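Predicted, not measured: the structure shown is a model, and the values here were computed from it. In what follows, chains are A, B, ... by sequence order, proteins preceding strands, each numbered from 1.
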Amino acid sequence: MMASLKQINGPVVLDVPTDPASLFLVRCVVKRLSERLAFPGEDGERMVLAVDEACTNIIRHAYGDGEEGRITLTFVVRPNALEIDVRDFGTPTDPGTFKPRDLADVRPGGLGIHFIRSVMDRVDYLAPPDGGTLLKLVKFRSPEEDTEK
Amino acid sequence: MKIGVAERHAGVFVVTLEGEVDMSTSPEVRKALLPLFHDKAAHVVVDLKGVPYIDSSGIATLVEGLQLSKRGGARFTLAGAGRTVEAVFDLAYLKSVFEMVPDVEGLFRGEGKA
């Protein structure tokens with residue numbers, strides 16, 4: 001029987017510029033939160049990768065060349081899960097076009113989406129009415145405890 | 001990110017990476033690594049011992065290296081990947097695609113005996 005995740009009252013918000021140099025900071029926060037919430041080490045490392053990839057995709061695709069944008073990450077601790085909202089304010093992208101690449105096809109690129117989908121238990125792209133894209137990521141602490149699935 | 005390139009023997013290059021490889025640093029890795037294949041390297045080894053983290057942009061750079069090595073008939077080896085880095089290759093189903101060895105020194109010791 002696992003103990004519940006240690007609660008943090010209210011969401012934690014991290015707002016960074018769409019500068020690749022800010023990725024390390026996003027990774028630090030995900031890593032420390034996953035450790036604090038007692039996720040197994042491997043899950044924590046994989047979550048760090050998934051959130052890094054989500055931000056990398058935004059920097060690459062959501063904003064035009066040279067356009068400075070923001071990424072707002074909101075972390076919400078649920079009793080048995082960590083929810084991470086990754087919000088950008090760039091050009092909305094059609095999630096239907098996001099396809100993990102054929103892994104038998106060894107070529108650079110296209111791995112980010114595969115990583116996100118492999119690691120996180122829930123991956124939902126939403127289009128907020130005020131523009132941009134909201135990517136909702138959820139990681140349950142263990143699959144058995146995912147009662148909502 | 002620190003990147004060192006050393007010609008170990010004639011045509012045999014070791015690229016030593018130190019630091020996290022992500023979207024902010026992979027362009028530097030690319031710039032150091034890919035020209036080696038155009039310079040007719042026979043064998044390029046990337047030492048990942050000092051790399052605690054790699055993401056898809058780093059993996060993509062190494063895949064580019066692999067493709068260039070195949071095109072030019074050169075050997076391409078990744079050495080010293082730690083558990084976290086290896087797990088990313090695993091997640092990408094790329095572990096078997098690359099020649100991966102535990103460390104650079106072991107690789108060259110093995111070659112000395114051959």
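Shown here for A:Ala21 and B:Ser24, the closest heavy-atom pair between the two residues is N-CB, 3.9 Å. Nearest heavy-atom pair across A:His114 and B:Leu91 is NE2-O, 2.6 Å.
For B:Leu62, no part sits under 4.5 Å from any heavy atom of chain A, backbone or side chain. Heavy atoms closer than 4.5 Å to chain B are found in both the backbone and the side chain of A:Arg60. For a residue to count as touching a neighbouring chain, one of its non-hydrogen atoms must lie under 4.5 Å from one of that chain's; by this rule A:Val119 touches chain B with the side chain only.
The environment of A:Arg32 atom CZ is sparse: at most 12 non-hydrogen atoms of other residues, nucleotides or ligands sit within 6.0 angstrom. Heavy atoms of other residues, nucleotides or ligands lying less than 6.0 angstrom from CD of A:Glu42 number 12 at most. By the neighbour-count criterion of 12 heavy atoms within 6.0 Å, atom CG of A:Asp130 is densely surrounded, having more than that number from other residues, nucleotides or ligands. The 12-atom threshold is not exceeded at CZ of A:Phe24, counting heavy atoms of other residues, nucleotides or ligands nearer than 6.0 Å. By the 6.0 Å contact criterion, CZ on A:Arg70 is enclosed, its count of non-hydrogen atoms from other residues, nucleotides or ligands being greater than 12.
Atom OG1 of residue B:Thr84 and atom CZ of residue A:Arg46 lie 12.0 Å apart, to the nearest 0.5 angstrom. With rounding to the nearest 0.5 angstrom, the CG atom of A:Leu111 is 10.0 Å from the CZ atom of B:Phe89.
Neither A:Val76 nor A:Val26 shares a network with the other; the hydrophobic side chains, linked directly or stepwise wherever heavy atoms of I, L, V, M, F, W or Y lie under 4.5 Å apart, form separate groups for each.
A salt bridge links B:Asp22 with A:Arg27: the closest approach of a Lys/Arg side-chain nitrogen to an acidic carboxylate oxygen falls below 4.0 angstrom.
Using a 4.5 Å heavy-atom threshold, the side chains of B:Val88 and A:Phe115 count as touching.
Applying the ring pair (Phe, Tyr, Trp, His ring centres under 6.0 Å) test to pairs two or more places apart or on separate chains, those with a residue in residues 17-40 of chain B are B:Phe37-B:Phe76.
Of all the listed residues (A:Thr56, A:Ile59, A:Asp52), the one sharing the greatest number of non-hydrogen pairs under 4.5 Å with chain B is A:Asp52.
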